[in-house]
Amino acid sequence: MNLEHLNEAQKQAVLQTEGPVMVLAGAGSGKTRTLVSRIQYLLNDKKVSPFQLLAVTFSNKAAKEMRERIAADSHFDLGALQITTFHAFCSRVLRMEAQYLGLSRNFTIYDGSEQKSVIKGILGKRGISQKEIHPSEVQYFIEDAKNNGHYIGAKPDPLLDEVDKDDLFYDFFVDYEGELHKSNAVDFGGLITGVLNLFDNFPEVLERYQKRFKYLLVDEYQDTNRAQFKLVKMLSDKTRNICVVGDEDQSIYSWRGADIRNILDFEKLYSDANLIKLEQNYRSSKNIIEAASHVISRNEQRKGKELWTDNERGDSIQIMECPDDKAEANFVAKEVKELVVSGVDPTDIAIFYRTNAQSRVVEDALRSSKIPYRVVAGIKFYERKEIKDMLGYLRLVVNEKDSLALSRVINTPARGIGVRTLRKIEDEAVKNNVSLWELLEEMINKPEEYKHLKLSAKVKSSLAGFVSLIQEAKVCEVEKRLPSTMYEKVLHESGYYEALSAEKTYEAQARLENLEELVSAIKQYEAEAEEATMTGFLENITLDSSVDESDEPEKEVSMMTIHGSKGLEYPFVFVTGAEESLFPSYRSIESGEEAIEEERRLFYVAMTRAMKKLYILFAQGRMLWGSIKFNGPSRFLDEIPEDYYKWEFYKTNSPFGKSTKKRVTNGVDYDDEFSQVQSYKETEIVYSQSFASTKPLAQSIYPEGTVVKHKLYGEGRVLESKGAGKEEKIVILFRDGARKKFMAKFAPIEKV
DNA sequence: TCGACGATCGTTTTT
DNA sequence: CGATCGTCGA
């Protein structure tokens with residue numbers, strides 16, 4: 001195999017196939033290229049069967065990319081080649097071996113919000129109010145236990161931290177696991193710990209997998225938690241052919257259990273480990289690499305790498321100080337526009353932010369500048385109410401024990417089966433020790449035995465309707481009809497579609513469109529999967545949040561959180577919101593130096609995405625929670641040596657900009673550690689004066705200030721108008737003081 | 001049972 | 001500001 005295109009360190013990482021290897025791959029050091037070569041080398045030269053190779057990574061994005069790049073120049077049938085995420089791998093194992101753990105193969109996977117519902121239910125049953133104990137505290141405890149590889153009945157393991165079983169929360173954990181088990185459900189963390197449970201207690205099963213996977217590869221190793229670490233160790237214990245690849249400087253998921261010890265202690269665990277460092281960066285200019293290296297060198301928690309590059313020095317980093325968040329967004333839009341006009345491909349430009357909430361202002365600015373953009377992994381569409389509702393139905397059909405799904409949909413749309421009825425059913429189910437679904441079926445079959453529940457005739461007939469709906473859908477499943485067929489059936493026969501259509505709001509309209517999107521997602525899955533099942537689809541949608549862009553790739557600017565940017569690169573990068581309390585976030589400021597180090601790594605990740613030109617922006621004042629906050633520039637800006645940047649002030653002609661400056665220099669310096677807060681009322685007026693003129697008024701049918709009459713609400717005045725034509729959305733302030741949002745297209749309004 | 005309303009909260013990042 | 005929870009009246 002030809003390894004000419006690799007440097008020395010990369011070649012070593014490819015050729016060292018036997019024994020434990022840790023590759024520390026700096027940002028832009030050709031990590032994926034190396035990994036792909038290593039896999040091809042194993043397949044082509046070492047004649048390893050694809051069946052014996054397991055490559056796990058943390059994100060679907062990374063798995064997908066690697067798979068595609070290997071498939072691109074390989075003549076093997078890669079069907080047997082396992083390149084997946086930890087979660088997908090474990091889910092697969094659990095479905096195969098479900099019977100060992102008393103699960104059935106069609107188990108449901110619960111995500112965070114479902115976890116929370118279960119926890120709320122448990123607290124409720126124990127009569128604990130959510131004010132006494134926050135469900136998220138319990139959730140955090142459970143997550144933490146699972147990240148540490150703990151499952152109920154686990155024996156102490158020297159690799160793992162102990163869990164405090166005397167903690168009151170441990171009782172909740174036990175209840176919670178019981179509840180999930182009854183529902184034939186597993187949560188994200190449980191996918192991993194479930195496999196640990198399986199391997200700990202059924203050595204013959206473990207051995208089967210150990211024999212199969214001769215070569216193990218772990219990508220994004222810095223993001224693994226202790227449970228995943230143990231899993232990898234168990235799988236590779238026979239051959240010890242384990243290769244982990246990561247970068248401690250890009251570890252940004254500790255809040256989800258990623259444990260930097262996995263990297264820092266690898267050599268302790270494997271005394272014969274080979275350590276290979278990839279330090280040459282092929283991506284960015286000298287300015288960017290050197291500046292980023294200075295910033296990250298402040299971290300204590302490092303193995304230590306010295307990133308360098310042969311690339312040219314390049315432009316200075318541009319730091320822009322803006323009066324406020326809108327000005328920041330406007331600057332980005334203006335600069336992007338100039339770049340595009342000068343011939344830069346919009347797909348070469350990315351805009352980053354710390355929190356998803358920040359995207360809105362920027363989106364507004366881009367839209368009014370008519371710059372096409374794409375928000376990468378913004379609001380995940382399966383988290384929307386209507387999607388969750390429909391998925392609830394589908395889950396129930398596939399896994400009738402899923403009581404959470406059942407209680408979600410039994411009265412959606414409203415069928416007159418309210419909380420009271422549901423409570424009766426739940427109590428009765430507990431009494432008879434059956435699942436909700438089993439009880440419902442019993443009630444329909446033998447109504448005379450459930451007279452004591454005192455259900456009205458209306459409720460009973462609603463229940464009967466609901467049960468037969470689910471039963472009929474189950475028939476589809478048994479007869480192996482297409483998942484999309486079943487979906488359509490449930491959507492319409494449940495009355496969900498009808499109920500939504502009956503609401504004539506633009507919101508309902510948007511929801512219907514989302515449900516349309518769900519059908520296309522199902523159909524796309526059907527087209528791709530070798531054997532399309534509803535269980536398979538549901539698993540896909542929970543484990544892979546990324547929505548496939550089925551539409552043709554357009555010339556768009558990309559927008560994403562910094563977390564979402566990991567592994568990507570762009571010639572032009574805008575990092576927005578580099579302010580104290582936002583980046584680093586106030587939470588990390590409160591919780592100490594380790595948290596700050598993680599934010600610093602995040603900042604480092606952001607910087608090292610840029611190839612040619614890096615912009616870092618911050619706003620003096622930012623609209624947050626209905627008021628303006630002055631936080632001052634991020635400490636990370638001070639950590640970039642002066643030679644590497646130009647610091648400019650973005651002058652706007654907005655009177656607000658001036659007044660802010662005046663306010664700031666008059667009183668407390670904005671750099672002061674106390675931030676000033678201005679009440680919302682004061683600024684609202686100023687905003688509407690200074691920014692009203694920037695809004696696109698041209699094609700709007702109901703521009704701001706128009707007096708209109710609404711069929712239901714009477715007369716009002718248009719406060720805000722966004723978009724034009726079909727897209728026009730307006731906010732109306734009515735006589736009675738009510739404010740309501742409408743889609744101009746649907747709203748029953750007319751000009752007065 | 002259910003919708004409307006008001007008060008009260010809190011807010012990072014995601015497999 | 002926005003989402004969520006609890007209370008109230010129909």
Side-chain angles (χ1 to χ4, degrees), chain A residues 56-63 84-91 109-113 115-116 120 129-131 134-136 143 146-147 187-192 220 223-225 227-228 251-258 352-358 360-361 376-380 382-383 385 411-423 456 458-459 462 503 539-546 560-566 577 581-591 595 598-599 601-603 605-606 622-629 679-681 683-684 731 738-739 741:
Chain A
V56 274
T57 174
F58 172 77
S59 70
N60 292 295
K61 205 162 62 183
T84 58
T85 63
F86 274 100
H87 295 275
F89 171 74
C90 287
S91 168
I109 300 170
Y110 281 0
D111 69 11
S113 68
Q115 282 184 316
K116 204 168 240 170
K120 280 180 188 169
S129 93
Q130 292 183 30
K131 272 172 226 141
H134 229 353
S136 56
E143 279 286 303
K146 294 192 173 188
N147 287 338
D187 61 18
F188 279 116
L191 291 170
I192 317 287
E220 316 251 30
D223 292 330
T224 53
N225 60 36
Q228 291 163 333
S251 167
I252 54 177
Y253 284 100
S254 71
W255 48 277
R256 231 182 57 198
F352 298 159
Y353 32 83
R354 179 67 180 79
T355 66
N356 277 308
Q358 288 165 251
R360 247 181 67 189
V361 199
V376 179
I379 344 97
K380 277 155 292 163
Y382 71 83
E383 276 179 13
K385 185 184 176 302
N411 198 35
T412 340
R415 300 187 174 90
I417 308 170
V419 279
R420 250 198 124 88
T421 309
L422 185 58
R423 190 51 47 82
S456 70
K458 204 178 140 221
V459 167
S462 282
E503 290 178 43
E539 168 161 331
N540 259 342
I541 205 161
T542 11
L543 290 184
D544 189 354
S545 59
S546 68
M560 65 194 82
T561 64
I562 298 160
H563 282 85
S565 78
K566 200 168 62 130
S581 293
L582 189 62
F583 195 5
S585 77
Y586 72 92
R587 288 191 151 222
S588 56
I589 293 174
E590 281 166 10
S591 54
E598 173 136 330
E599 296 278 323
R601 291 193 287 267
L602 196 56
F603 196 77
V605 167
R622 181 174 296 271
M623 187 61 114
L624 218 54
W625 307 338
S627 60
I628 303 237
K629 298 258 192 319
S679 88
Y680 177 61
K681 277 205 171 124
T683 56
E684 189 176 46
V731 179
R739 270 176 201 226
K741 272 187 214 169

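Every heavy atom of this structure was used, including side-chain atoms; hydrogens, water molecules and symmetry mates were not. Letters A, B, ... are given to chains in the order of the sequence lines, protein chains preceding strands, and every chain is numbered from 1. It should be emphasised that the depicted structure is a prediction, and the values quoted were computed from it without experimental measurement.
- Rounded to whole Å, the distance from CE on A:Met623 to C1' on C:dC1 is 8 Å.
- In this structure the side chain of A:Thr224 reaches within 4.5 angstrom of the side chain of A:Phe86, judged on heavy atoms.
- Under the salt bridge (Lys or Arg N to Asp or Glu O under 4.0 Å) criterion, A:Glu539 pairs with A:Arg95, not counting sequence neighbours.
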Just the table, please: protein N/O against nucleotides 4-6 of chain C N/O, every pair under 3.5 Å.
from: C:dC5; atom 1: OP1; to: A:Lys120; atom 2: NZ; distance (Å): 2.8

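- Between A:Asn356 and B:dT11, a side-chain N or O to OP1/OP2 separation shorter than 4.0 Å is absent.
- B:dT15 atom P lies 10 Å from atom CG of A:Leu543, rounded to whole Å.
- Counting all heavy atoms, side chain and backbone alike, A:Glu220 lies closest to A:Ala62 at OE2-CB, 3.5 Å.
- Rounded to whole Å, atom C1' of B:dT13 lies 15 Å from atom CZ of A:Phe188.
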Under the 3.5 Å Watson-Crick or G-U criterion, the dot-bracket string of DNA chain B, with | for inter-strand pairs: ||||||||||.....
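- One atom, CZ of A:Arg415, and another, C1' of B:dC2, lie 16 Å apart when rounded to the nearest Å.
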Between protein and nucleic acid, restricted to nucleotides 8-10 of chain C and to nitrogen or oxygen atoms under 3.5 Å apart, what atom pairs and distances do you find?
none

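- Comparing C:dG2, B:dT13, B:dC2 against the side chain of A:Trp255 picks out B:dT13 as the nearest.
- C:dG2 atom P lies 20 Å from atom NZ of A:Lys385, rounded to whole Å.
- Nearer the 5' end of DNA chain B, as judged by each residue's closest nucleotide, is the contact made by A:Arg587, out of A:Arg587 and A:Ala88.
- Taking 4.0 angstrom as the limit, A:Arg622 places none of its side-chain polar atoms (N or O) nearer than this to OP1 or OP2 of C:dC1.
- Considering only heavy atoms from C-beta on, A:Arg622 stays 4.5 Å or farther from A:Val361 through its side chain.
- Listed by chain and residue number, nothing satisfies the side chain to side chain donor-acceptor pair (under 3.5 Å) test with A:Ser581 (two or more places apart in sequence, or in another chain).
- In this structure, the side chains of A:Ile252 and A:Val605 come closer than 4.5 Å at one or more pairs of heavy atoms.
- Contacts of A:Arg423 classified as salt bridge (Lys or Arg N to Asp or Glu O under 4.0 Å), with partners at least two apart in sequence or in another chain: A:Glu426.
- In terms of heavy-atom proximity, A:Leu191 sits nearest to A:Cys90 at O-CB, 3.3 Å.
- Distance, A:Lys61 NZ to B:dT14 P: 10 Å, rounded to whole Å.
- Here the side chain of A:Thr561 is nearest to one of B:dT13, B:dT15, C:dG2, namely B:dT13.
- Along DNA chain B, the nucleotide nearest to A:Arg256 and the one nearest to A:Leu624 differ in position, and the one closer to the 5' end is contacted by A:Leu624.
- The residue A:Ser588 sits apart from the nucleic acid: no heavy atom pair falls under 4.0 Å.
- Taking the six-membered ring where the residue is Trp, A:Phe58 and A:Tyr253 present tilted rings, their angle falling between 30° and 60°.
- Atom P of nucleotide B:dT11 and atom NZ of A:Lys629 are separated by 15 Å, given to the nearest angstrom.
- The shortest distance between the side-chain N/O atoms of A:Asn411 and the OP1/OP2 oxygens of B:dC2 is below 4.0 Å.
- If you check every strand for non-hydrogen atoms under 4.0 Å, A:Tyr586 touches sugar and phosphate atoms only.
- The shortest side-chain heavy-atom distance between A:Ile192 and A:His87 falls under the 4.5 Å cut-off.
- You'll find the side chain of A:Lys566 reaches within 4.5 Å of the side chain of A:Asp223, heavy atoms only.
- One interatomic measurement links the two molecules: OH of A:Tyr353 to C1' of B:dT13, which rounds to 12 Å at whole-angstrom precision.
- Here the side chains of A:Trp255 and A:Glu598 are in contact, with some heavy-atom distance below 4.5 Å.
- Residue ring and nucleobase are not stacked for A:Tyr253 and B:dT14 under a centre distance beneath 5.5 angstrom and an angle between planes beneath 30°.
- Residues A:Val56 and A:Thr84 are in side-chain contact: their nearest non-hydrogen atoms beyond the backbone lie under 4.5 Å apart.
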